[in-house]
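Hydrogens, waters and symmetry mates are skipped; everything else that's a heavy atom, side chains included, is used.
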Amino acid sequence: MSTATQAEAENRYAGQGAVLLDIGGDVGALVVTMPEHLLGTEIEIEPVDGHHGHEHSHGHGHDHDHGHDHGGHHRAHVAVVSRPVLTGSVASLVFPELREGRYRLFAKGEHEVRMEVEVVGAQVTTTAWAG
C-alpha cells in the first residue's frame, strides 16, 4: 500500500466535518456551496490584485500555504467535500484564512476563471459555485 493510499485509508473522513476558522482584522474566510457531482474535485484560488491571500495551512481538504514564491505559479487549493448541515449534508469547499480582497476561483489545473468573489476581513463570505 502506498503512503498516500495508506494515509487516505486511515483518515478518509478528513476535511468532512467542522472547520476551525481563525479570522479577524483583515483576515476572513470563504465557504462555497458546490454541486454534488463535484465532490472530490479540487478548486484553486488566487487574489485578483496579486497579493498573497492564503494565510496559513491547517490541513483542511488539500489546502497548502503558498504565500511565498516558489519560482513558478502556484495557487492554494482545497477539495470539495460533503459536510454535515442541519438538513443532512452539503457539498462545499472552505478556504479558512484569506486576506481581505477580491479572488478568482478555478478548477485545479485550469486557467479559465470560474467565478470571482470578494472576501471581507473578520467575516465568513458564503456563496454558491457559479462555474
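When all heavy atoms are compared, the tightest approach of A91 to P35 is CB-O, 4.0 Å. Residues M115 and T127 come closest through the heavy atom pair CE-CG2, 3.6 Å. Closest heavy-atom contact between E44 and H77: CG-CB, 3.7 Å. Contact detail for R75 and I45: the closest heavy-atom pair is CB-O, 3.4 Å.
Listed by chain and number, the residues in a side-chain hydrogen bond (donor to acceptor under 3.5 Å, both in side chains) with Q123 amount to none (sequence neighbours excluded). For S89, the side-chain hydrogen bond (donor to acceptor under 3.5 Å, both in side chains) partners two or more places apart in sequence, or in a different chain, are S82. Not a single side-chain hydrogen bond (donor to acceptor under 3.5 Å, both in side chains) links T41 to another residue, sequence neighbours left out.
With hydrophobic clusters built from ILVMFWY side chains whose heavy atoms lie under 4.5 angstrom apart, V78 shares a cluster with V117. Hydrophobic cluster membership is shared by L39 and M34, with clusters built from Ile, Leu, Val, Met, Phe, Trp and Tyr side chains linked at under 4.5 angstrom.
Here CZ of F106 is found 15.5 Å from CD of E42. Values are rounded to the nearest 0.5 Å. Atom OG1 of T33 and atom CG of L38 lie 12.0 Å apart (nearest 0.5 Å). With rounding to the nearest 0.5 angstrom, the CD atom of E46 is 9.5 Å from the CD atom of E116. Here the CG atom belonging to L98 is positioned 10.0 Å from the CG atom belonging to L21, to the nearest 0.5 angstrom. If you take CZ on R104 and NE2 on H111, they are separated by 12.5 Å, rounding to the nearest 0.5 Å.
The closest side-chain heavy-atom distance from R114 to I43 is not below 4.5 Å. Y103 places none of its side-chain heavy atoms less than 4.5 Å from the side chain of V48. The closest side-chain heavy-atom distance from V32 to V80 is not below 4.5 Å.
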- request: Apply side-chain contact (heavy atoms from CB on, under 4.5 Å) to the pair E100 and V120, showing each step before the final yes or no.
  value: CA-CA 5 Å; E100 187 172 271; V120 178; 4.0 Å; yes
query: When you look at V27 and D22, which way does the side-chain contact (heavy atoms from CB on, under 4.5 Å) test go after all the steps?
result: CA-CA 8 Å; V27 176; D22 186 10; over 6 Å; no
